[in-house]
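Basis for what follows: all heavy atoms, side chains included, without hydrogens, waters or symmetry-related copies. Residue numbers count from 1 along this sequence. Remember, it's 1-based here, ligands and their atoms both numbered in the order they're listed. Not measured: the values here are computed from a predicted model.
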Amino acid sequence: MSETSLIERQLASGVLTLRMNRPEKKNALNRAMYGALAEALEGANADEAVRAVLLLGGEGHFSSGNDIADFAGFDAKAGLAEVLRFLHALVDLEKPLVAGVDGLAVGIGTTVLFHCDLAYATPRSSFRTPFLDLGLVPEAGSSLLAPGLMGHQRAFALLVLGEALSAEEALATGLLVGVGDEAEALARDAVVRLAAKPPEALRIARRLMRGDGAAVRARIEDEAAAFAERLVSAEARAAFAAFFDRRAR
Ligand code: COA
């Protein structure tokens, strides 16, 4: 399958829609998908026709998180290049990012939402980051952004204890702005309205509200250094093997 079909892109009414499209793995993000998402976000900054970006997943699965096969095959030499390119592209994005979630949002499927300006989800959605159970640590700037959004203890319960948030709980913590059966339609309506705003004012307003991103960029790098070490740890290797053993049974 080509990169472009794993991440579908469509530009209409000033909105670049990026849809993760790997249903057979519940939208587990592999390196090619991170690369394609990064390229699309980088391109959005340079393209005047793009006024705002909409991120979507599949029916019942927004994303099952990073591809565990990629984790298991992690090569210290190649490092986390595609993932880091994507995370920095998120921080460097100059246009509003809106998400519509239905169903599972695991790992990066949850932490990507900390980078969104507006996120909507269906009532059946759930948000979970099993980093610790995989012998890993929080990523994507979440160790900084989650406590800022929801306070230390709720962030700790999500990121370290690994407790899932329901859609209603995610709404209450501020991870979402809206919950509804038609979450994609809600997200699309909001992003189209954003795309119709005066673009210069929109860019400046967003920058004022998000800051320059320096602290988030630095935290992403700190997390990535720890994450790369953890990926080759005995704890993590055992957790990845257990995941695939469970699948094989
Ligand atoms: N990486 C690689 N493959 C994954 C995956 C992931 N993160 N998540 C799901 N898959 C694969 C499964 O191995 C399975 O593949 P198979 O059909 O070839 O066996 C397929 O996607 C469907 O998943 P399945 O587990 O059968 O669906 P489910 O509805 O029972 O459970 C999840 C869905 C997401 C709860 C479960 O797959 C899971 O826990 N995945 C791992 C999530 C995770 O830890 N992500 C990393 C976060 S840092």
Side-chain angles (χ1 to χ4, degrees), residues 1 3 5-7 19-37 55-75 79-84 86-87 90 99 101-115 121-122 124-146 155-167 170 175 219-220 222-249:
M1 204 180 263
E3 279 183 27
S5 65
L6 290 172
I7 302 293
R19 186 185 289 280
M20 297 175 276
N21 181 33
R22 195 187 181 200
E24 71 283 5
K25 298 290 181 192
K26 310 229 158 169
N27 282 341
L29 284 167
N30 62 21
R31 295 170 59 178
M33 292 165 81
Y34 281 115
L37 284 169
L55 181 64
L56 300 173
E59 209 181 309
H61 51 268
F62 181 66
S63 171
S64 61
N66 199 108
D67 189 320
I68 294 180
D70 278 1
F71 276 168
F74 175 73
D75 165 13
L80 292 163
E82 294 87 352
V83 179
L84 280 171
F86 168 63
L87 297 179
L90 275 177
V101 177
D102 178 38
L104 289 168
V106 185
I108 187 78
T110 288
T111 55
V112 72
L113 302 176
F114 291 110
H115 298 271
T122 57
R124 68 172 172 172
S125 300
S126 66
F127 303 83
R128 192 165 62 85
T129 61
F131 298 124
L132 271 285
D133 296 331
L134 292 170
L136 301 173
V137 293
E139 39 69 305
S142 61
S143 65
L144 177 70
L145 296 170
F156 204 84
L158 176 70
L159 297 176
V160 180
L161 189 55
E163 270 189 5
L165 292 177
S166 66
L175 188 62
R219 183 61 64 95
I220 285 171
D222 282 357
E223 291 169 345
F227 205 96
E229 280 180 22
R230 296 308 308 160
L231 280 172
V232 293
S233 67
E235 289 173 351
R237 294 282 183 194
F240 305 151
F243 177 73
F244 289 114
D245 277 358
R246 184 176 63 84
R247 305 300 324 154
R249 263 183 240 136

Which atoms of ligand 1 sit under 4.0 Å from any heavy atom of [X]?
{"X": "Asn66", "value": "1 (N), 6 (C), 7 (N), 46 (C)"}
{"X": "Pro130", "value": "44 (O)"}
{"X": "Leu104", "value": "33 (C), 34 (C)"}
{"X": "Val106", "value": "42 (C), 43 (C), 45 (N)"}

Evaluating non-hydrogen atoms only, which member of [options] is closest to [atom]?
{"atom": "atom 5 (C) of ligand 1", "options": "Pro23, Ser126, Ser64, Ala72", "value": "Ser64"}
{"atom": "atom 37 (O) of ligand 1", "options": "Phe131, Phe244, Phe243, Phe240", "value": "Phe243"}
{"atom": "atom 18 (O) of ligand 1", "options": "Lys25, Arg22, Glu139, Glu24", "value": "Lys25"}
{"atom": "atom 29 (O) of ligand 1", "options": "Arg246, Arg128, Lys26, His61", "value": "Lys26"}

Inset, instruction - Check for a donor-acceptor pair, side chain of Asn27 on one end and backbone N or O of Met20 on the other, with a separation under 3.5 Å. - result: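 Looks like yes, one N/O pair under 3.5 Å.
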
Legend entry - Main-chain N/O of Gly141 paired to His115 side chain as donor or acceptor, under 3.5 Å: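 Checked: no pair found.
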
Legend entry - Heavy-atom pair of closest approach, residues Phe71 and Arg237: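 Result for this residue pair: O-NH1, 4.2 Å.
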
Inset, instruction - Check whether any side-chain heavy atom of Asp67 sits under 4.5 Å from a side-chain heavy atom of Lys25, and report yes or no. - result: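 No. Closest side-chain heavy atoms not under 4.5 Å.
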
Legend entry - Results of salt bridge (Lys or Arg N to Asp or Glu O under 4.0 Å) for Arg230 - residues two or more places apart only: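 So Arg230 forms a salt bridge (Lys or Arg N to Asp or Glu O under 4.0 Å) with Glu235.
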
Legend entry - Separation of Thr111 OG1 from Leu87 CG (nearest 0.5 Å):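 Rounded to the nearest 0.5 Å, the CG-OG1 separation comes out at 7.5 Å.
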
Inset, instruction - Name all residues meeting the ring-ring contact (aromatic ring centres under 6.0 Å, His included) criterion together with Phe127; count only those two or more places apart in sequence or in a different chain, and write none if there are none. - result: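 Listed in chain order: nothing, the list is empty.
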
Inset, instruction - Answer side chain, backbone, both or neither: which part of Leu136 comes under 4.0 Å from ligand 1, heavy atoms only. - result: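 Near ligand 1, Leu136 shows nothing, with every heavy atom at 4.0 Å or more.
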
